[in-house]
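Heads up: the structure comes next, in structure tokens.
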Amino acid sequence: MALTKIYGVLGQPIEHSLSPAMQNAAFGSLGLEARYCAFNVGRPRLREAILGAEALGFGGLNLTIPLKEEALQAVRPDPTAKAMGAVNTIAFGDEIRGYNTDGIGAQMALEEAKVQIKDSCVLIIGAGGAAKAIAYQLAQAGAEVTIVNRNADRACDLAGWVGGHGCGLHELDRLVPEADLVINATSVGMKEGDPSLVDGRLLKSSQSVFDVIYNRKTELLRDADRAGAKTVDGVMMLVYQGARAIEIWTGLKAPAKVMEGAVRKELEMR
Ligand code: NAP
């Protein structure tokens with residue numbers, strides 16, 4: 001009998017990760033003898049954990065906060081992960097290879113919702129890890145990217161890197177109406193009662209609005225719904241970054257709908 005292939009997500013904290021529910025649903029649907037688990041690993045033991053997983057014959061790993069940047073030192077990153085300075089997926093073969101599927105996950109979520117990217121005016125709020133991956137990916141895909149962030153220096157640094165304009169939050173009111181696509185890539189909206197960083201009255205039906213937050217429906221998306229704008233939530237980015245990881249590990253097309261269903265069901269139960 002074939003051994004069960006083990007996959008996992010490493011991070012700290014990791015208890016609330018949705019990835020085990022999502023990836024186990026995918027493996028089940030694909031009929032693979034595989035199991036995906038969450039492992040509580042911090043930065044000091046990341047290298048050991050990766051080498052240990054390789055020695056045990058794991059099929060692959062995902063990484064989350066706070067490990068994505070640190071992992072660059074422990075794997076051979078592909079050009080995208082190297083450019084983004086962060087790894088969220090590891091595959092084992094002749095060597096330990098690192099990938100970053102966050103950016104492509106965001107792009108696939110937008111494409112599935114039929115949001116135009118090429119030649120679009122994209123306003124990204126945030127300049128952290130998620131914003132960086134999305135900005136890089138969408139700029140590569142031909143979008144004109146503007147970055148707005150609480151810390152304006154970080155916005156300018158990221159904008160300079162992807163070839164766009166960067167500024168502080170005070171310019172949001174001027175920039176929102178000009179954007180084809182507005183993206184919240186900050187952590188604002190994760191907590192019940194978090195306000196939106198965008199004045200909802202500025203949104204309009206010709207726009208698309210994407211929020212990376214996946215644990216709840218944010219005020220930004222509620223305002224976008226009210227304005228008649230097209231909306232995409234963070235669940236879809238989560239699903240497609242995970243789907244891409246499965247494709248890297250197995251070469252099989254991942255069942256995105258099954259994965260989405262598993263994530264939404266898990267969220268409902270929490
Ligand atoms: P991060 O690197 O810590 O960046 C956080 C960002 O949020 C920074 O731009 C920060 O601005 C901004 N921010 C935080 N509090 C703020 C506030 N009160 N007002 C205005 N801006 C604020 O975090 P990250 O890794 O990019 O993650 C950001 C969010 O994306 C998290 O909620 C995470 O769960 C989510 N995420 C979702 C997916 C998905 O698949 N859907 C994937 C990755 C991440 P400053 O620079 O000024 O501090």
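All of these numbers come straight from a predicted model, not from anything done at the bench. Indexing begins at 1, ligand by ligand and atom by atom, following the structure's order.
For atom 3 (O) of ligand 1, no protein non-hydrogen atom is found at a distance below 4.0 Å. In this structure, atom 33 (C) of ligand 1 is not in close contact with the protein, since no protein heavy atom lies within 4.0 Å of it.
Side-chain heavy atoms closer than 4.5 Å link hydrophobic residues (I, L, V, M, F, W, Y) into clusters, and following such links, possibly through other members, connects L51 to I6. Tracing side-chain contacts under 4.5 Å through hydrophobic residues (I, L, V, M, F, W, Y), one never reaches L169 starting from I213; they form parts of separate clusters.
The shortest N or O to N or O distance between L238 and ligand 1 is below 3.5 Å. For ligand 1, none of its N or O atoms has an N or O atom of Y214 under 3.5 Å away. Checked by distance only, ligand 1 and Q241 stay at 3.5 Å or farther apart across all their nitrogen or oxygen atoms. Geometrically, ligand 1 and A127 share a nitrogen or oxygen pair separated by less than 3.5 Å.
Of the candidates L221, L220, V209, N184 forms a side chain to side chain contact (heavy atoms under 4.5 Å, CB included) with just one, namely L220. No option in D199, L203, V198 other than D199 meets the side chain to side chain contact (heavy atoms under 4.5 Å, CB included) test with R201.
Remark: minimum distance from atom 19 (N) of ligand 1 to any protein heavy atom is reached at V188 CG2, 3.6 Å. Of all protein heavy atoms, the one lying nearest to atom 30 (O) of ligand 1 is V212 CG2, 3.2 Å. Remark: minimum distance from atom 10 (C) of ligand 1 to any protein heavy atom is reached at N149 OD1, 4.0 Å. In this structure, atom 42 (C) of ligand 1 lies nearest to the protein heavy atom M237 CE, 3.6 Å. When hydrogens are left out, the protein atom nearest atom 14 (C) of ligand 1 is S187 OG, 3.4 Å; that is the closest non-hydrogen contact.
Here the shortest heavy-atom distance to atom 12 (C) of ligand 1, taken over N215, D102, T186, belongs to T186. Counting only non-hydrogen atoms, the option in P66, A130, G129 that gets closest to atom 27 (O) of ligand 1 is A130. Distances from atom 15 (N) of ligand 1 to the heavy atoms of K68, M190, R150, E69 show the closest one on R150.
A heavy-atom distance below 4.5 Å is found between the side chains of I117 and Q107. Annotation: side chain of I134 is in contact with side chain of I183 (closest heavy-atom distance under 4.5 Å). Taking the side chain as every heavy atom from C-beta outward, Q116 and D180 never approach each other to under 4.5 Å.
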Intermediate values then yes/no, side-chain contact (heavy atoms from CB on, under 4.5 Å), F58 and Y7: CA-CA 6 Å; F58 274 37; Y7 296 81; over 6 Å; no
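Every residue two or more places apart in sequence or in another chain that forms a ring-ring contact (aromatic ring centres under 6.0 Å, His included) with Y136 is listed here: W161.
A donor and an acceptor atom, one from each side chain of N88 and N62, are nowhere located under 3.5 Å apart.
The contact set between ligand 1 and N151, taken as ligand atoms under 4.0 Å from a residue heavy atom, comprises 46 (O), 47 (O). Listed by number with element, the atoms of ligand 1 under 4.0 Å from a non-hydrogen atom of I213 are 32 (O). Proximity to G126 (heavy-atom distance under 4.0 Å) selects the following atoms of ligand 1: 9 (O).
The side chain of R154, and not its backbone, has at least one atom closer than 4.0 Å to an atom of ligand 1 (non-hydrogen atoms only; side chain from C-beta on).
For CZ of R43, the number of neighbouring non-hydrogen atoms (other residues, nucleotides, ligands) closer than 6.0 Å is 12 at most.
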